[in-house]
Student: 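Next up is a structure, given as structure tokens.
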Number of protein chains: 4
Amino acid sequence: MYPKSFASDNHAGVHPTVLEAMTAANHGDAPAYGDDTWTAAFEDKAKETFGATAHAFPVLNGAGANMVGLALMLGRYDAVICADSAHIATHEAGASERLLGVKLMTVPTEDGKLRPSDITSRLGGIGNPHEPQPTVVSVSQVTELGTSYTPEELAALAATAHEHGLRLHLDGARLANAAAFLGCDLKAVTTDAGVDVFSFGGTKNGALAAEAVVVLDGTLAHAVPFLRRQSLQLASKMRFISAQLTALLTDDLWRENAGHANDMAKRLADGLADIPDVSLAYPIESNAVFATLPHSASEKLLQRYLFHYWDEPAGTVRWMTAFDTTPDQVDDFLTDLRKATA
Amino acid sequence: MYPKSFASDNHAGVHPTVLEAMTAANHGDAPAYGDDTWTAAFEDKAKETFGATAHAFPVLNGAGANMVGLALMLGRYDAVICADSAHIATHEAGASERLLGVKLMTVPTEDGKLRPSDITSRLGGIGNPHEPQPTVVSVSQVTELGTSYTPEELAALAATAHEHGLRLHLDGARLANAAAFLGCDLKAVTTDAGVDVFSFGGTKNGALAAEAVVVLDGTLAHAVPFLRRQSLQLASKMRFISAQLTALLTDDLWRENAGHANDMAKRLADGLADIPDVSLAYPIESNAVFATLPHSASEKLLQRYLFHYWDEPAGTVRWMTAFDTTPDQVDDFLTDLRKATA
Amino acid sequence: MYPKSFASDNHAGVHPTVLEAMTAANHGDAPAYGDDTWTAAFEDKAKETFGATAHAFPVLNGAGANMVGLALMLGRYDAVICADSAHIATHEAGASERLLGVKLMTVPTEDGKLRPSDITSRLGGIGNPHEPQPTVVSVSQVTELGTSYTPEELAALAATAHEHGLRLHLDGARLANAAAFLGCDLKAVTTDAGVDVFSFGGTKNGALAAEAVVVLDGTLAHAVPFLRRQSLQLASKMRFISAQLTALLTDDLWRENAGHANDMAKRLADGLADIPDVSLAYPIESNAVFATLPHSASEKLLQRYLFHYWDEPAGTVRWMTAFDTTPDQVDDFLTDLRKATA
Amino acid sequence: MYPKSFASDNHAGVHPTVLEAMTAANHGDAPAYGDDTWTAAFEDKAKETFGATAHAFPVLNGAGANMVGLALMLGRYDAVICADSAHIATHEAGASERLLGVKLMTVPTEDGKLRPSDITSRLGGIGNPHEPQPTVVSVSQVTELGTSYTPEELAALAATAHEHGLRLHLDGARLANAAAFLGCDLKAVTTDAGVDVFSFGGTKNGALAAEAVVVLDGTLAHAVPFLRRQSLQLASKMRFISAQLTALLTDDLWRENAGHANDMAKRLADGLADIPDVSLAYPIESNAVFATLPHSASEKLLQRYLFHYWDEPAGTVRWMTAFDTTPDQVDDFLTDLRKATA
């Protein structure tokens with residue numbers, strides 16, 4: 001048994017409903033690689049969720065979803081504009097460069113979010129054969145700093161991208177948390193906002209291992225099966241991946257899980273307010289709390305909890321909550337934090 | 001509900017013991033990406049199974065295991081000698097070429113198996129900068145034609161490869177079936193035979209989605225975590241992958257599952273013996289039966305069962321059995337086959 | 001000073017007219033990377049030679065021309081159908097796999113030439129996400145065995161390729177030799193035959209180092225500058241590359257050079273006719289003579305001449321002639337050959 | 001005829017001595033691909049110039065030299081630390097990402113030069129499988145901003161890199177200009193400073209098209225022929241490339257050419273001193289002058305001269321001189337500049 005973890009929402013296990021759906025799928029033979037009824041059911045559920053133009057494809061993990069999604073839109077000399085904190089730029093082991101061969105044009109940001117001017121200011125090399133050609137803008141929703149784009153902010157980015165002939169990709173590893181925070185449905189921050197290709201993250205939302213690549217530009221969808229296979233993201237016993245995703249999209253389980261995690265982050269952040277020497281680094285717009293506190297306090301807490309430094313020299317840590325974090329766990333953590341900073 | 005499938009062992013579901021192990025792992029928080037006790041337990045179990053020099057790393061699927069394993073041993077201008085029927089050459093969507101950038105020097109074979117002379121006859125370009133340099137030999141155990149290498153055959157290939165400075169890779173998507181057929185343990189056809197890097201396939205052996213890359217050359221092992229991450233083969237909630245593999249390696253469940261599947265293939269092949277117009281294309285050395293029969297008979301059977309043509313013009317089909325294929329299902333199939341060919 | 005070489009047409013130096021053109025270009029400043037009048041002149045000359053639809057781009061070498069030309073037509077999961085003797089498959093150090101990430105579907109041939117049925121018989125995997133998707137057919141004109149496709153043969157290949165949605169690429173490292181042998185102009189075996197993208201080889205035709213990628217499908221041409229730069233095939237002082245190509249295309253210097261080389265090969269082959277123990281391996285359709293003779297004779301000749309074995313165990317050697325090979329050199333060689341085989 | 005160009009040193013033609021050397025090499029047959037006496041002579045000359053441990057390999061252009069040199073030192077998940085102004089990061093069309101698959105960890109700099117702390121501050125991700133692993137530091141000598149590293153500065157970078165297990169690569173497209181500016185020999189800023197692999201640029205120093213990859217770490221040298229071939233950087237008629245490089249390294253022609261170009265840049269910069277509204281953006285340490293002036297003045301000058309904006313919004317332009325720039329051309333330019341700013 002491990003101590004309570006605030007290190008990541010992927011330290012949590014699987015939501016019981018998801019596991020039940022997987023167990024229920026374990027019945028007799030079924031065609032492999034997605035030619036099965038569970039996958040067909042997920043495809044229907046995805047259209048219901050994201051709109052009739054959505055083509056959804058289950059994959060195995062978040063980096064895989066990003067690589068397949070981006071590969072769809074990138075030629076041999078193309079570049080991607082993204083925040084310098086983007087997961088594809090920082091924590092996917094150089095997969096963008098190695099597997100896609102793409103240049104990431106990274107943009108410094110205050111809060112992890114791109115603005116339209118971050119796009120337009122990086123188009124100067126278009127047409128110059130000595131420079132990679134930006135053709136895709138990639139954003140993360142939730143961002144790596146825990147912030148969420150509003151539907152309007154995304155729509156403005158999509159409009160700017162499209163106006164200049166670029167497409168908009170969205171890394172939705174925590175898409176559910178953003179929609180729960182914003183109080184909108186999943187379609188409002190994807191299809192309706194003009195996103196072209198995005199990933200929908202199941203794993204951090206309570207699945208065992210399940211993400212989806214969702215393609216809204218119909219001219220791109222035919223390539224997904226080939227790229228997914230080649231990118232090592234095709235499960236043979238696909239029914240068990242699809243069943244997880246369907247479970248999350250059924251009866252708004254995604255919102256229940258994400259909303260609860262967000263509430264726990266809010267509870268944690270609210271509890272910090274009256275603790276001296278602890279300050280928030282970014283606004284709380286999802287299930288992430290970035291806080292700056294004395295190293296001595298962090299070290300004491302790390303003896304009883306799991307979490308990571310985000311910026312160790314600055315004393316900033318990241319605390320994540322999950323679908324199964326309890327109010328008591330948050331309150332205990334706050335109590336221990338008060339002691340540690342006393 | 002689908003009809004009984006003889007199309008592939010990945011049309012089967014998950015063995016109950018494996019699913020129980022996954023369910024049991026769903027308990028509290030755990031560190032992600034393999035820093036957990038379930039993964040440590042699998043690493044121990046792998047050393048118990050494959051020897052103390054074995055470094056084992058869970059991954060998500062068979063093509064992923066092959067790509068990570070091969071990447072370990074390949075530089076920028078290297079080539080791999082393999083059978084022209086090898087899975088890496090035929091059914092991984094060009095991942096070898098795209099993700100590894102490697103030239104596959106494919107060798108025609110009678111039975112899917114390489115011989116030492118297939119290696120030595122392809123070394124003529126060594127030292128010539130105009131030609132890719134062969135540095136790895138890759139074999140499949142079981143082969144794509146259902147045949148199995150004996151430990152002696154593998155040892156001879158390893159010796160030849162090593163003598164010329166090449167390493168031996170083994171695609172063990174159905175390694176359990178080979179060992180069960182040969183009546184040996186898993187170590188006999190890997191570590192003891194001189195293999196350098198291999199994959200151990202769990203999915204076709206009763207897992208949901210779990211394979212392992214096993215590295216016997218200690219100088220290579222340090223690179224696996226990086227390559228696995230970059231190759232999109234790292235699960236965040238790794239405990240659920242490791243738990244599957246441990247379950248298969250515990251109490252010889254792997255042998256029970258593979259042995260049963262092999263027995264069912266034998267039962268099927270034996271039953272063909274007295275059916276006119278049906279002949280075996282390859283010897284039965286695993287859970288695969290390749291048979292040649294009139295197209296009219298195949299078409300009738302395809303109305304009641306799932307399976308695929310292997311060589312449609314020749315009338316050759318592939319029938320696979322799995323851990324959960326029952327004697328009755330085989331017998332019913334034989335009855336229907338007799339009617340179809342009557 | 002080296003002995004006379006029959007090893008390759010790239011053992012020859014530079015044709016005086018070409019060197020004069022380079023020297024004449026060395027005059028004052030000029031924009032780099034092709035924005036110069038010499039390159040514009042070459043573009044015009046290429047349209048004159050290959051037709052108004054031809055977009056021609058100077059590059060640095062033959063492998064570079066092939067890689068840029070193929071890259072234009074290949075997506076991430078595509079495959080190329082080509083002869084197993086194709087230069088891209090055998091002597092470009094795995095650049096196709098490494099730089100393009102492409103699977104080469106190699107076809108055994110009698111004479112280095114593909115037939116339409118070699119295309120149609122390899123389309124079975126189209127639509128199957130487990131297999132690379134053939135989208136390009138690549139032929140060599142002259143082939144690596146010295147044979148030449150007739151315009152009709154090329155047109156049949158183009159028609160078959162196009163009928164199935166594939167494009168036709170032609171590696172024209174010795175395009176001039178083919179046209180000289182066939183007695184046609186360069187357009188007849190490229191544009192008029194339905195080729196989509198090809199290379200025109202200058203180096204083996206008397207240039208110092210100059211090839212061109214020629215694109216007949218206008219929708220592809222815009223990508224060449226980017227791919228050429230990225231593929232390391234863009235010369236900064238481009239005027240000196242362009243001047244070489246223009247010299248070859250002016251006053252049919254290409255035909256004079258190639259025709260002379262072909263004549264010398266013919267003279268050599270004719271001279272073999274009455275030499276016992278020496279036989280031709282392939283018909284003489286360019287400047288290459290493949291002959292089979294006793295190893296002892298080859299070894300004696302190798303003391304006085306440069307050439308290579310093509311198939312050493314079989315005793316087959318390749319003798320190439322060039323624009324500057326003289327009748328006396330051929331006759332001397334024949335005399336020495338007669339002595340060596342006596 | 002073009003107007004006088006201050007746009008780039010690659011707008012110049014070929015130095016007469018270099019062209020004579022090429023012409024002299026055009027004599028009879030010679031083995032291809034570098035097995036010739038001209039290339040052997042260059043290899044000797046390179047050892048004479050860079051020390052007995054130097055293995056030198058001619059290639060075709062600067063980006064090619066960088067890609068071959070870096071490929072030698074980079075595995076599949078490695079990263080390169082370099083200035084954000086580095087040529088490999090900005091003007092090679094994404095070749096680093098596409099051909100090498102490498103992540104460039106770019107560092108903002110004041111003057112184009114890295115400091116040891118730029119290395120040490122970017123090693124935090126070493127050992128973390130989610131992050132690319134920095135294994136090479138790459139510097140440009142001369143930098144893209146015209147500045148030169150002193151031998152001591154390079155030695156400090158090499159020491160820091162080596163201390164942490166990284167290698168030092170140097171892009172020497174204008175290495176001659178740096179050595180001429182510093183008044184040292186070429187060895188002082190490469191071999192003696194602890195550089196592991198570097199390129200020596202001939203083209204900007206008066207060659208037609210010739211660069212060299214020089215390897216000082218003997219364990220790496222064997223791979224160059226394979227990587228050079230695969231990277232499309234191998235000339236078949238190599239003697240003509242080698243002859244250029246030998247000419248530059250003979251009788252210090254490289255220093256004469258680079259020193260003259262540097263002198264002309266100095267003359268130009270000195271002449272600016274008393275022109276109002278024109279200021280230098282960087283110190284003059286090579287043949288590059290970066291100046292900031294009113295747009296109206298630049299536009300007037302662009303009617304009579306070729307040059308480029310470096311930072312158009314800021315009004316900064318780059319003026320380059322070459323081996324053949326004359327004092328009169330500089331003086332005329334200054335006169336016109338004075339008029340333009342008046």
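The basis for the numbers below is simple: all heavy atoms, side chains too, and nothing from hydrogens, waters or symmetry mates. Numbers restart at 1 for each chain; the letters A, B, ... are given by sequence-line order, proteins then strands.
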Student: Non-hydrogen contacts under 4.5 angstrom with chain A: give the residues of residues 320-334 of chain B involved, or none if there are none.
Tutor: B:Asp324
Student: Nearest 0.5 Å please: distance from the CG atom of B:Leu19 over to the CG atom of A:Leu19.
Tutor: 7.0 Å
Student: Name the member of B:Thr37, B:Leu306, B:Leu60 that forms the most heavy-atom pairs with chain A at distances under 4.5 Å.
Tutor: B:Thr37
Student: Got a list of side-chain donor-acceptor pairs under 3.5 Å for residues 61-71 of chain B, not counting sequence neighbours?
Tutor:
from, atom 1, to, atom 2, distance (Å)
B:Asn61, OD1, B:Gly64, N, 2.9
B:Asn61, OD1, B:Gln233, NE2, 3.4
B:Asn61, ND2, A:Leu232, O, 3.1
B:Asn61, ND2, A:Leu234, O, 3.2
B:Asn66, ND2, B:Glu92, OE2, 3.0
B:Asn66, ND2, B:Asp171, OD2, 2.9

Student: Is there a donor-acceptor pair closer than 3.5 Å between any side-chain N or O of A:Arg229 and the backbone N or O of B:Ala95?
Tutor: no
Student: Which atoms of A:Pro16 come close to chain B, meaning under 4.5 Å heavy atom to heavy atom: side chain ones, backbone ones, both, or neither?
Tutor: neither
Student: Does any heavy atom of chain B fall under 4.5 Å from the side chain of A:Ala7, the backbone, both, or neither of them?
Tutor: neither
Student: Pairs in or reaching into residues 222-245 of chain B: which pass ring pair (Phe, Tyr, Trp, His ring centres under 6.0 Å), with residues at least two apart or in two chains?
Tutor: B:Phe226-D:Tyr77
Student: What pairs with A:Lys237 under salt bridge (Lys or Arg N to Asp or Glu O under 4.0 Å), at least two apart in sequence or on another chain?
Tutor: none
Student: Distance check, rounded to the nearest 0.5 Å: A:Tyr2 atom OH versus B:His27 atom NE2?
Tutor: 12.5 Å
Student: Side chain from CB out, backbone as N, CA, C, O: work out which of these in A:Ser8 comes under 4.5 Å of a heavy atom of chain B, or both, or neither.
Tutor: neither
Student: Taking all heavy atoms of B:Ala32 and all of A:Asn10, pick out the closest pair and write down the distance.
Tutor: CB-OD1, 3.1 Å
Student: Which value, rounded to the nearest 0.5 Å, describes the distance between A:Asp29 atom CG and B:Ser5 atom OG?
Tutor: 5.0 Å
Student: With a 4.5 angstrom heavy-atom cut-off, could you sort out which part of A:Ser96 is near chain B: side chain, backbone, both or neither?
Tutor: neither
